[in-house]
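What's counted below: heavy atoms across the whole structure, side chains too, no hydrogens, waters or symmetry copies.
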Amino acid sequence: MEGFIWQVFVIQVFTILALFATILFLLRESKSIKYQKRFERFALLSVKDYEKSFFDILLTKTWIIIHKISKSFSKSVFLKKYSEKYEKHITFEEKDFKSGMDYVTIKFLTAFCFVIFNMLTIMFQYAKIGFISSILAFFIGFFVPDLILNIQFKQKRKRVEDDLLKAIIIMNNSFKSGRNIMQAVEIVKNELNGPISDEFKKIYMDMTYGLSLDVVFNRFYERVKLEDAKYITSSLTLLNRTGGNIVRVFSTIEKSFFDKKKLLNEMKSLTAASIFVFRVLIALPFLFSFLIFLMNPNYFNPFFETPVGIILFILTIILYICYVLTIKKVLKVKM
């Protein structure tokens, strides 16, 4: 019986790894298609080039299904309000064929896929399908896209934070040459690339629609959630209401950003060794637990079979989370 359970566990692990590899492959192919579409206008294509790959056809049909479901979900006021927080994940190029409701649809589809996968896993074990396990699988699948989007958002915010100083320098030089703020924003969106260019395209579009400077840059701060963006928003709001020399203001912002980035890099270099040790210490309990489980799969059974073991297991998890949060708080470099 133990041999059969071990075989089922191996099948589950390989199935999860295959599912994870499939998701990574789809994300990679989607990114390559996005780059291909971006450079299509600069390429010389045949007039009768109608050839499409299988993945292009599959992706197109998938998005058609997602759009149809999103159209049905849009009738719900609650889901429509809930989808607004996903608008920040849509780039300027995607705004015409993507919406926040599409991400809500993807969350529901992922949740149902997890429920189906959970049912198949239970069927492999010749056990009854439990209601609680299905609900748990649904909620895990529902929040997995949030985890992926949060990771992508943190990467995007890091790139915006790194390139924001370049944008300020370009804007300051534009003001010194006699250009207004709208022309300076246009130069930034054309000269830079990546997430910072996408954000300044949105800023330029908001300004074209006639929104005031404080509203435009406040929306920029709400999208990226950076303290530097908040500082720019506050400076421009004060400048817009009271007046002043915009060149002097942006020269001060540029100098403060430059000094802050220099000090931040020095602090990161000083704490690099401590952060590395912290990450190793975080990974060690999982590594040792996995090795012990491979050598003796029944070693951790007392944790789950007795009330005292369950209490000790919960206490261990709580202490571990407190340890991680405390050390992370201590090592965090905040300017």
Side-chain angles (χ1 to χ4, degrees), residues 38 80-100 103 149-150 152-264 334-335:
R38 184 180 297 177
K80 198 169 183 179
K81 186 71 176 176
Y82 179 70
S83 66
E84 290 178 359
K85 70 175 186 176
Y86 296 102
E87 296 290 339
K88 64 182 180 182
H89 298 291
I90 302 173
T91 62
F92 184 80
E93 288 79 10
E94 296 173 342
K95 64 183 180 64
D96 292 330
F97 58 92
K98 273 189 183 181
S99 64
Y103 287 102
L149 287 174
N150 286 332
Q152 292 177 347
F153 178 73
K154 287 181 179 180
Q155 293 174 348
K156 172 187 172 181
R157 187 172 61 180
K158 181 67 171 60
R159 291 188 62 186
V160 171
E161 185 178 12
D162 293 338
D163 294 338
L164 192 58
L165 179 59
K166 297 178 185 177
I168 295 300
I169 293 173
I170 293 174
M171 291 181 72
N172 192 27
N173 292 335
S174 301
F175 295 142
K176 289 178 181 177
S177 62
R179 292 181 172 88
N180 57 34
I181 191 165
M182 194 164 186
Q183 291 172 331
V185 170
E186 185 178 9
I187 292 172
V188 172
K189 78 179 182 66
N190 293 332
E191 292 294 328
L192 298 180
N193 51 23
I196 190 69
S197 175
D198 184 74
E199 290 299 327
F200 271 80
K201 286 177 182 177
K202 294 177 181 178
I203 291 173
Y204 184 79
M205 184 179 65
D206 289 343
M207 294 176 68
T208 305
Y209 288 156
L211 298 178
S212 59
L213 285 178
D214 50 349
V215 174
V216 169
F217 280 89
N218 187 58
R219 292 180 65 173
F220 169 59
Y221 166 71
E222 291 297 330
R223 287 195 299 267
V224 296
K225 295 295 183 181
L226 288 174
E227 291 298 323
D228 293 343
K230 189 176 183 180
Y231 180 56
I232 296 172
T233 303
S234 302
S235 302
L236 286 174
T237 302
L238 187 63
L239 188 66
N240 191 35
R241 293 179 180 178
T242 61
N245 191 338
I246 194 169
V247 176
R248 185 176 297 176
V249 170
F250 266 78
S251 297
T252 305
I253 294 174
E254 179 184 336
K255 186 178 183 304
S256 64
F257 277 19
F258 182 79
D259 293 340
K260 179 181 177 180
K261 191 169 185 178
K262 183 179 178 181
L263 183 60
L264 189 63
K334 189 174 182 181
M335 303 295 295

Nearest 0.5 Å please: distance from the CD1 atom of Ile169 over to the CD1 atom of Ile253.
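Reported value, rounded in 0.5 Å steps: 12.5 Å.
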Approximate separation, where rounding is to 0.5 Å, of Arg223 CZ and Phe153 CZ
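Reported to 0.5 Å precision, the distance equals 10.5 Å.
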Phe250 vs Ile168, test: side chain to side chain contact (heavy atoms under 4.5 Å, CB included). Steps then yes/no.
CA-CA 7 Å; Phe250 266 78; Ile168 295 300; 3.9 Å; yes
Report the C-alpha distance between Ile187 and Asn173 in whole Å, list the side-chain angles of each, state the deciding distance to 0.1 Å, and finish with yes or no for side chain to side chain contact (heavy atoms under 4.5 Å, CB included).
CA-CA 10 Å; Ile187 292 172; Asn173 292 335; over 6 Å; no
Once side-chain hydrogen bond (donor to acceptor under 3.5 Å, both in side chains) is applied, what residue pairs with a partner in residues 202-217 remain, sequence neighbours excluded?
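Checked against side-chain hydrogen bond (donor to acceptor under 3.5 Å, both in side chains) - neighbours excluded - the pairs reaching residues 202-217 are Ser212-Asp214.
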Which residue pairs satisfy the side-chain hydrogen bond (donor to acceptor under 3.5 Å, both in side chains) criterion with at least one member in residues 175-184, sequence neighbours excluded?
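Qualifying pairs: Ser177-Arg179.
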Row check, Phe258 ring normal vs Lys261 NZ/CZ: under 6.0 Å, within 45°:
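Judged by the rule (NZ or CZ under 6.0 Å from the ring centre, within 45° of its axis), Lys261 is not positioned above Phe258.
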Surrounding [atom1] of [X] (heavy atoms of other residues, nucleotides or ligands, distance under 6.0 Å), is the total greater than 12?
X      : atom1 : result
Lys88  : NZ    : yes
Arg157 : CZ    : yes
Lys166 : NZ    : no

Please report the closest heavy-atom contact between His89 and Lys85, naming both atoms and the distance.
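Distance-wise, the nearest heavy atoms are CD2-O, 4.3 Å.
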Can you name the nearest heavy-atom pair linking Val224 to Ala229, along with the distance?
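Answer, listing the atom of Val224 first, then Ala229: CG2-CB, 4.0 Å.
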Electrostatic pair Asp259-Lys255, nearest N-O below 4.0 angstrom:
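Yes.
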Could you check whether any side-chain N or O of Glu87 sits under 3.5 Å from a backbone N or O of Gly100, counting only pairs where one atom can act as donor and the other as acceptor?
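Yes; judged by distance alone, with no hydrogens or angles, the pair exists.
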Checking Asp198 side chain against Phe92 main chain: does a donor-acceptor pair fall under 3.5 Å?
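Yes: the side chain of Asp198 pairs with the backbone of Phe92.
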